[in-house]
Amino acid sequence: MPSPAGLSGIDASSRALETVLASLEDSKAENIVPIDIQGKSSLGDYMVVASGRSHRHVAAVAEQLLKALKDAGLGQARVEGLSGADWVLIDSGDIIVHVFRPEIREFYNIEKMWQAPDLEEETIH
């Protein structure tokens, strides 16, 4: 089923990912890691993990990303954690973005979990 913009789901999620990555680069986010979660989760198509240098930088990166998503016509994303700015989660539907302060990112290390190889069905007990 085409998206409202007339793009297929794959094209729409690729365009959303490009918008997210460009915004993170523009706002000087660090250690940007896109993770393809298609087939691993029904939460979305991609997860992006990035870091900001401080509370203020994490908040600024997140606010710029929210504006970029809206300006690109990708709707109003849901956001959690912006007030504390240790870990901000932005859910745009196809793309889930986590922006962390470095210490918080190191503690949770969520990209390691999502980048783990899939287990074969025979190995699941």
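Keep in mind that the numbers below use all heavy atoms, side chains included, and drop hydrogens, waters and symmetry copies. Bear in mind that the values here come from a model prediction, so they are computed numbers and not experimental data.
- Screening residues 65-85 for salt bridge (Lys or Arg N to Asp or Glu O under 4.0 Å) gives K67-D71, R78-D91 as the qualifying pairs, with residues at least two apart or on separate chains.
- For the atom pair S23 OG and I90 CD1, the distance stands at 8.0 Å (nearest 0.5 Å).
- Atom CZ of R53 is separated from atom CD of E30 by 5.0 Å, given to the nearest 0.5 angstrom.
- With rounding to the nearest 0.5 Å, the separation of CG in L82 from CG in L89 is 11.5 Å.
- Contact of the L74 side chain with the T19 side chain is registered, since non-hydrogen atoms from C-beta on lie closer than 4.5 Å.
- Considering all non-hydrogen atoms of both residues, A16 and I95 come closest at CB-CG1, 3.7 Å.
- A single hydrophobic cluster is seen to contain both L65 and V79, as judged by linkage of ILVMFWY side chains at heavy-atom distances under 4.5 Å, directly or through other members.
- To the nearest 0.5 angstrom, I37 atom CD1 is 7.5 Å from D45 atom CG.
- Two residues are said to be in side-chain contact when any heavy atoms from C-beta on lie closer than 4.5 Å; V33 and V48 fail this criterion.
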Could you list the donor-acceptor pairs under 3.5 angstrom formed by side chains in residues 102-110, with sequence neighbours left out?
{"from": "E103", "atom 1": "OE1", "to": "R101", "atom 2": "NH1", "distance (Å)": "2.4"}
{"from": "R105", "atom 1": "NE", "to": "E111", "atom 2": "OE2", "distance (Å)": "3.0"}
{"from": "R105", "atom 1": "NH1", "to": "N31", "atom 2": "O", "distance (Å)": "2.7"}
{"from": "R105", "atom 1": "NH1", "to": "S51", "atom 2": "OG", "distance (Å)": "2.9"}
{"from": "R105", "atom 1": "NH2", "to": "N31", "atom 2": "O", "distance (Å)": "2.9"}
{"from": "R105", "atom 1": "NH2", "to": "E111", "atom 2": "OE2", "distance (Å)": "2.8"}

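- The two residues V61 and A29 make their nearest non-hydrogen contact at CG1-CB, 4.2 Å.
- Qualifying salt bridge (charged side-chain N to carboxylate O under 4.0 Å, His left out) partners for D36, counting only residues two or more places apart in sequence or in other chains: none.
- Nearest heavy-atom pair, V88 versus A85, reported as atom, atom and distance to 0.1 Å: CG2-CA, 4.1 Å.
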